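Quantities reported herein were computed from a predicted structural model and do not represent experimental measurements. Residue numbers start from 1 in every chain, and the chains themselves are labelled A, B, ... in the order their sequence lines are given, proteins ahead of strands.
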Amino acid sequence: MPRSADPANPPRPDPSRPVPASRSAPDPGALLAWYDRHRRRLPWRAEAGVRQDPYRVFLSEIMLQQTNVVTVTPYYAAFLARWPTVAALAGAPLEDVLSAWAGLGYYARARNLHACARAVVERHGGAFPDTEAALLELPGIGPYTAAAIAAIAFERRAAAVDGNWERVIARLFAVEEALPKAKARLRALALTLLPSSRHGDFAQAMMDLGATLCTPRKPACALCPWRTNCAAHAAGAPERYPVKAAKAARPTRQGVAFLAVRADGAVLVRSRPPRGLLGGMSEVPSTDWIEGGPADPALAAPMALEWQPLNATVGHVFSHFALELAIWRARAPAVTPAPAGHRWVRPEGFDAEAFPSVMRKVLEYIG
DNA sequence: CAGTCGTGGAA
DNA sequence: TTTCCAAGACT
């Protein structure tokens with residue numbers, strides 16, 4: 001391959017800059033040796049040299065998407081205790097899965113987790129397929145997760161390129177192209193790093209490296225097994241990589257939540273539409289959430305009661321907008337029937353409901 | 001392909 | 001307080 005895209009105008013050495021010392025290619029063996037000494041013990045990780053149950057790899061990988069280890073840990077333990085096998089999870093009602101997932105965020109993951117378990121049972125007889133391509137066909141399993149399961153559970157040679165890999169590779173090769181456009185280039189570079197054995201260990205070693213040494217801020221380059229192979233380190237600017245595109249500003253939307261409290265303490269609740277924001281989750285009835293707020297909130301009240309605006313606002317930040325939710329509260333008689341599509345839920349039943357975090361904040365105002 | 005889709009912790 | 005960030009997938 002030519003060094004320049006333009007053969008008529010080949011790049012010329014810049015005399016004002018010294019030619020950088022050539023770096024040898026990163027050796028996967030060096031990373032694996034580091035991993036053998038420093039591998040983290042995590043609840044979903046098998047002992048060294050032992051292949052992990054594909055279901056456990058699957059469950060942990062879905063939960064870990066865009067979510068910290070510390071946050072995932074208790075959810076992983078609860079799911080594994082309640083649904084120890086993919087067949088058990090497939091047999092559960094979706095509402096149970098959603099309520100167990102409540103608080104973890106990105107609720108499409110819970111819907112897809114459940115759909116995937118059912119697909120594994122129905123299409124594959126309850127055993128996860130053991131190739132990256134077949135895994136990729138399952139709901140909720142994308143390029144990263146397919147490669148991670150294939151490598152960790154089945155010892156397939158696959159590049160499980162996650163945010164850690166991207167950061168490590170961007171630094172190793174000083175990739176100037178900005179994410180997310182750079183994803184294809186980073187993946188191509190990742191494929192050049194793969195070892196010829198220990199594929200599961202290598203996938204996890206890359207993640208450990210990114211999580212413990214090659215961190216976004218203040219990377220511990222002095223301890224890195226690939227220190228001498230790293231272009232960003234050689235340039236003295238590891239934190240400059242990966243380059244990222246600017247993010248869009250986050251607008252603020254307003255709404256009003258209607259907190260109807262029955263004489264016995266029950267609260268009026270409904271379920272959100274099955275897809276989209278907080279899809280399938282439980283909620284206190286509210287107006288639409290829109291920039292500038294609803295013109296006439298009273299029109300959205302779930303039933304005719306004496307609604308009292310509280311001097312309180314619930315603030316919550318979603319991934320792509322912030323929400324300010326005013327609280328209107330009303331007391332309802334003991335025998336008030338629930339309007340169509342709604343139900344009364346007493347506080348003892350809250351744990352069985354799929355209340356996302358924003359709704360748990362609203363429910364603090366029961367009074 | 002850029003927008004959608006949560007949450008809580010750290011700096 | 002604000003910003004960024006964490007083992008991404010789907011449309």
Side-chain angles (χ1 to χ4, degrees), chain A residues 40 42-45 52 56-76 98 101-113 115-116 135-153 158-168 178-181 183-184 186-187 190 200 202-212 214-218 239 242 244-253 272-281 283 289 315-323 354-361:
Chain A
R40 293 181 296 169
L42 299 169
W44 39 87
R45 210 171 252 187
Q52 180 59 290
R56 297 187 186 208
V57 179
F58 159 71
L59 181 60
S60 65
E61 291 301 343
I62 300 297
M63 287 186 166
L64 286 161
Q65 288 168 10
Q66 300 292 285
T67 310
N68 292 308
V69 164
V70 181
T71 304
V72 164
T73 297
Y75 285 87
Y76 175 79
L98 289 178
W101 194 278
L104 197 50
Y106 282 146
Y107 297 101
R109 291 184 298 168
R111 288 180 259 129
N112 287 331
L113 179 87
C116 184
L135 287 161
L136 198 50
E137 296 300 311
L138 293 166
I141 295 184
Y144 162 74
T145 305
I149 298 174
I152 297 169
V161 181
D162 71 331
N164 290 302
W165 284 54
E166 289 179 343
R167 185 170 56 257
V168 169
L179 285 169
K181 279 190 166 182
K183 280 179 177 294
L186 293 170
R187 177 171 183 80
F202 185 77
Q204 295 173 93
M206 286 288 279
M207 294 187 242
D208 277 14
L209 182 68
T212 64
C214 196
T215 49
R217 290 177 294 268
K218 300 189 183 305
E239 293 191 70
K244 295 193 173 185
K247 296 169 188 164
R250 180 152 42 202
T252 299
R253 302 180 188 174
R272 293 179 61 85
R275 272 173 285 281
L277 183 71
L278 307 177
M281 303 295 286
E283 70 171 358
W289 304 342
H316 193 75
V317 180
F318 293 95
S319 46
H320 59 295
F321 68 93
L323 177 65
F355 288 124
S357 292
V358 61
M359 289 302 152
R360 295 183 187 187
K361 292 181 187 175

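- Here C:dG8 presents its C1' atom at 9 Å from CD1 of A:I62, a figure rounded to the nearest Å.
- For A:C116 against A:P139, the heavy-atom pair with the smallest separation is CB-O, 3.3 Å.
- In the set C:dA9, B:dG6, C:dA7, the nucleotide with an atom closest to the side chain of A:L278 is B:dG6.
- Between the side chain of A:R40 and the base of C:dA7, at least one donor-acceptor pair of N or O atoms lies under 3.5 Å.
- Between the P atom of C:dA7 and the OH atom of A:Y106 lies a distance of 13 Å, rounded to the nearest Å.
- Within the nucleic acid shown, A:R111 has no heavy atom closer than 4.0 Å to any nucleic acid atom.
- With rounding to whole Å, A:R250 atom CZ is found 14 Å from B:dG3 atom C1'.
- Distances were taken from every side-chain heavy atom of A:F318 (C-beta onward) to each of C:dA7, C:dA9, B:dT7; the shortest belongs to B:dT7.
- Rounded to an integer number of Å, the gap from CG of A:N68 to C1' of C:dG8 is 14 Å.
- In the set B:dT7, C:dA9, C:dA7, the nucleotide with an atom closest to the side chain of A:Y107 is B:dT7.
- We find that CH2 of A:W165 is positioned 13 Å from P of C:dG8, with the value rounded to whole Å.
- A:Q66 has a side-chain polar atom (N or O) that falls below the 4.0 Å cut-off from OP1 or OP2 of C:dG8.
- Proximity of A:T67 to the phosphate of B:dT7: no side-chain N or O atom is located under 4.0 Å from OP1 or OP2.
- Taking atom CZ of A:R187 as the reference point, atom C1' of C:dA9 lies 14 Å away to the nearest angstrom.
- For A:H316, the listed nucleotide lying nearest its side chain is B:dT7; candidates were B:dG6, C:dA7, B:dT7.
- Spacing between atom CZ of A:R272 and atom C1' of B:dC5 amounts to 12 Å, rounded to whole angstrom units.
- For the 3.5 Å distance criterion, the side chains of A:Q65 and A:R109 fail to qualify, holding no donor opposite an acceptor.
- Ranked by how close their nearest DNA chain C nucleotide is to the 5' end, A:R217 and A:L138 are led by A:R217.
- Ring geometry for A:F202 versus A:W165: interplanar angle over 60°, hence perpendicular rather than tilted (30 to 60°).
- Going from atom CZ of A:R275 over to atom C1' of B:dG3 covers 18 Å, rounded to whole Å.
- The nearest heavy atom of DNA chain B to A:P180 and to A:G105 marks one nucleotide each, and the one closer to the 5' end goes with A:P180.
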